Amino acid sequence: MKPTKCRVEERGTEDDRNPNPKPFTSLTTPPPAMESLGVLLTFPANSYLEEELNKRCKLFRLWETPPENWRQFLRANAGSIRALVGNSTVGADAEMIDALPALEIVASFSVGLDKVDLAKCRERRIRVTNTPDVLTDDVADLAIGLAIATMRRICEADRYVRSGAWNAKGDYKLTSKFSGKTIGIIGLGRIGLAIAKRAEAFDCPISYYSRSEKPQTNYKYYSSVVDLAANCHILIVACALTEETRHIVNREVMDALGPKGVLVNIGRGPHVDEAELVSALIEGRLGGAALDVFEHEPHVPEQLFGLENVVLVPHVGSATWETRKEMADLVLGNLEAHATNKPLLTPVL
Amino acid sequence: MSVENHTAETPAGERELPLVLLLPPLFPHFHVALTHKFRFLKPWESPLPREEFLAAHACAVRALLCSGPTPVDAELLACLPRLELVVASSAGVNHIDVAACRRRGIAITNAGNAFTDDVADYAVALLIDVLHKISASDRYVRRGLWPIKGDHPLGRKLGGKRVGVIGLGSIGSAVARRLEAFGCTILYHSRRKKPSVSHQFFSNVTDLAAESDVLVTTCTLTAETHHIIDREVMLALGKDGIIINVGRGALVDEKELVRCLMEGEIGGAGLDVFENEPVVPQELLHMDNVVLTHHQAVFTPESFHGLLEVVMGNLEAFFSNRPLPTPVSE
């Protein structure tokens, strides 16, 4: 069953959220209700999250079983698994949810919910939480860092120095200035706004595409992504992945962005038609790209490896010690709230 | 020796153009623009050794255009008795004997604000790269390691970091303004406290380092600022500390920097400049917690265009007896 679109309006309203959330800390004694909570962790999380889950709950580690044996593993443990912690790679699709009749809550270690079958969760009355806000800064910082790295060819320069090739002081080439360039943002949610705020400090004019105009901002609105691309220098993907936004950056958009334009994708791989992207870059129809996400992670099209006008990073958007701990605390806090019948911290359903 | 002696060397129409001594290298597209307005003396095109050439041709020269790193030292100045102006096509003037110029009343101009944005952008990008391991993980991906070894090691968050800016001139201020938008706290060291600035001032760089997570060097290189980041400062900065150098290599004690990185006394560095360019210490080439670039921070078309305008503006102002747009003041 295909995931239906995740509409912002369906996210937890202020009423649903705990008005006085007690921040989760690893020093709090786990309540007895947590100890009997069977939690399926779908991915090899950082040690803090795994250790805390192991300490507090009954932990089942899905990734230790090869995918071909998952059905068996789930069947064996289905009676105990009441909670699932997934990430942007392995979430909770229809098949997984069907295999877990006792599932009560999906606490996603991500803000994006494209890997969670929300319709199925709604149908089964399974609660869903994510990790908004805590990773906004990191992802926005990365978007700007990637944009400048691409425009100024920083990774390329680093490669050049490490190769030992720098042997003449006059060895330089001109690269594209970042400050003052027009930034086009697809999706002006939390992350999009944080990117805009940073870019303004570089005197970059901001324009955006969104499902609806945001009159409370002063940024220039475009009702079509192609028009946005045609009128900006750097196009940044910062929207949620839904059926509507799949391949929102297609050949037409890339051609509009053009041979001097740079695409930055810190959303999800499927936002961009990857095959078209590779041709556009190789043929010079698109000036450059910085990619944190790919259609089939961890696989990255090898034709990109030899290009100097791309920056390729392995889905590091929220990958800092500080943010991963905050995300983990949110997951743990949501699970504890659920186990003790308190309001969830960051509910989506 | 009068200027008329040069007419045999130059086409007739250029007789009236002001004479400027040129020290190489000069960026090719500058040459085209400037030779419409000025006549250049180019010592390197002569078979004569430089001193002889200057003695023969440069006695009347009043202006000199130089690009670092060719030094404008006391020896050269002594060959130019009529010199009144040195136009530097760089922000830094450490390659010029400033004291000797002062004594002779020779004015010096630099690049003014032509490079400010680009250098500030570069400094910010180097910092994000070091913290988020952008270049390191780009290498990781290109080597095909993501499917084999899984996720790359975690980086560190920029937001909330305390950034100590050493030198709060136009570039330092531009860096500060940008980093504030990322949620950083700005601290600074400068020769003098700046009353119009609200950031916390430190008169001592070691004290600044002790209160900072990051140090960014955006000051000019002088005798006083040579090795302004030394071992003491690095130890005060601490094991997670990061150094970003977009000024001049010699602002940082490079040998000590390498030692501190190898010993884990500091956390990482982003370096666009080195003490002995193009030589880069071998040890750095194998580290993942450093980002190394080959003095690229100013190389954009906009900076070059801005620089050309500044150079042209200073030369034109000088030869028309108008105030210089970007004099270097002490």
Side-chain angles (χ1 to χ4, degrees), chain A residues 44 46 137-138 140-142 144-149 151-155 157-164 166-180 197-203 290 297-300 302 304-306 310-316 319-324, chain B residues 25 69 117-118 120-122 124-129 131-135 137-148 150-160 174 177-183 272 277-280 284-286 291-297 299-304:
Chain A
N46 63 66
D137 286 342
D138 264 355
D141 295 351
L142 182 71
I144 300 291
L146 287 174
I148 308 177
M151 301 278 280
R152 301 301 311 274
R153 299 286 193 268
I154 292 181
C155 305
D158 181 276
R159 267 193 299 276
Y160 176 75
V161 173
R162 282 172 202 261
S163 73
W166 187 22
N167 56 16
K169 277 195 198 177
D171 213 350
Y172 66 89
K173 67 176 175 192
L174 298 180
T175 57
S176 299
K177 179 171 181 169
F178 174 76
S179 274
K197 174 178 164 213
R198 285 149 176 75
E200 284 188 300
F202 295 80
D203 294 324
E297 293 171 21
H299 300 286
V300 175
E302 285 188 19
L304 299 177
F305 290 0
V310 303
V311 175
L312 311 166
V313 293
H315 204 146
V316 297
T320 65
W321 286 102
E322 296 91 335
T323 294
R324 286 288 165 86
Chain B
D117 285 345
D118 284 320
D121 292 355
Y122 217 80
V124 171
L126 284 175
L127 179 55
I128 299 176
D129 192 324
L131 285 169
H132 283 256
K133 302 184 188 304
I134 293 178
S135 287
S137 62
D138 175 280
R139 278 196 293 282
Y140 185 79
V141 170
R142 286 179 203 246
R143 275 197 219 129
L145 294 175
W146 193 12
I148 301 173
D151 286 341
H152 195 254
L154 294 179
R156 291 172 54 222
K157 184 172 173 160
L158 174 60
R177 176 183 165 222
R178 284 154 174 72
L179 288 178
E180 281 191 298
F182 291 82
D272 187 46
E277 292 169 22
V279 175
V280 174
L284 297 178
L285 304 183
H286 308 292
V291 179
L292 312 165
T293 55
H294 48 304
H295 206 147
Q296 293 289 286
F299 288 103
T300 66
E302 290 90 341
S303 270
F304 271 49

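Order of the sequence lines fixes the chain letters, A, B, ..., with proteins taken first and strands second; residue numbering starts at 1 for each chain. Bear in mind that the values here come from a model prediction, so they are computed numbers and not experimental data.
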Nearest heavy-atom pair of [X] and [Y]: which atoms, and what distance?
X	Y	result
A:P314	B:Y140	CG-CD2, 4.3 Å
A:E322	B:K157	OE1-N, 3.0 Å
A:P298	B:W146	O-CE3, 3.4 Å

**OP:** Please identify each residue that fulfils salt bridge (Lys or Arg N to Asp or Glu O under 4.0 Å) with B:R143, with sequence neighbours left out.
**Re:**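 Checked B:R143 against salt bridge (Lys or Arg N to Asp or Glu O under 4.0 Å); zero matches.
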
Check each atom of [X] against the heavy atoms of chain A and say whether the ones under 4.5 Å are side chain, backbone, both or neither.
X	answer
B:D129	side chain
B:V280	side chain
B:L284	backbone
B:I128	side chain
B:V124	side chain
B:A297	backbone

Give the member of [options] that has the highest number of heavy-atom pairs under 4.5 Å with chain A.
options	value
B:L179, B:L127, B:V291, B:D138	B:D138
B:S135, B:A181, B:G155	B:G155
B:T293, B:L158, B:D118	B:D118
B:G150, B:P147, B:G183, B:A125	B:P147

Nearest-0.5 Å distance, [atom1] of residue [X] to [atom2] of residue [Y]:
X	Y	atom1	atom2	answer
B:H295	A:W166	NE2	CH2	7.5 Å
A:T320	B:K133	OG1	NZ	11.0 Å
B:Q296	A:I154	CD	CD1	10.0 Å

Original post:
Mind checking what makes ring pair (Phe, Tyr, Trp, His ring centres under 6.0 Å) contact with B:F182, not counting sequence neighbours?
Top reply: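 Testing B:F182 for ring pair (Phe, Tyr, Trp, His ring centres under 6.0 Å), a comparison that skips the adjacent residues, returns none.
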
Of the backbone (N, CA, C, O) and the side chain (C-beta and beyond), which part of [X] lies under 4.5 Å from a heavy atom of chain B, both, or neither?
X	value
A:D137	side chain
A:T175	both
A:L304	backbone
A:E302	neither
A:V311	both

Subject >> Donor-acceptor contact below 3.5 Å, side chain A:D158 vs main chain B:L292 >> reply: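 A pair under 3.5 Å: yes.
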
Below 4.5 Å, heavy atoms only, C-beta onward: do [X] and [Y] meet side chain to side chain?
X	Y	result
A:V313	B:H152	no
B:P301	A:K177	no
A:K173	B:F299	no
B:L126	A:R152	no

**OP:** Take B:R142 and A:L312, measure what side-chain contact (heavy atoms from CB on, under 4.5 Å) needs, and give me the verdict at the end.
**Re:** CA-CA 8 Å; B:R142 286 179 203 246; A:L312 311 166; 4.2 Å; yes

Original post:
Among A:V316, A:D203, A:D138, which residue forms the greatest number of heavy-atom pairs with chain B at distances under 4.5 Å?
Top reply: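 Sorted descending by pairs with chain B, the first entry is A:D138.
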
**OP:** Test side-chain contact (heavy atoms from CB on, under 4.5 Å) on B:L154 and A:T323 and set out the steps.
**Re:** CA-CA 10 Å; B:L154 294 179; A:T323 294; over 6 Å; no

Original post:
Does the side-chain hydrogen bond (donor to acceptor under 3.5 Å, both in side chains) test come out yes or no for A:S179 and B:R178, once each step is laid out?
Top reply: CA-CA 10 Å; A:S179 274; B:R178 284 154 174 72; 2.8 Å; yes

**OP:** Just do the side-chain contact (heavy atoms from CB on, under 4.5 Å) check on A:F305 and B:V141 with the steps written out, would you?
**Re:** CA-CA 8 Å; A:F305 290 0; B:V141 170; 4.1 Å; yes

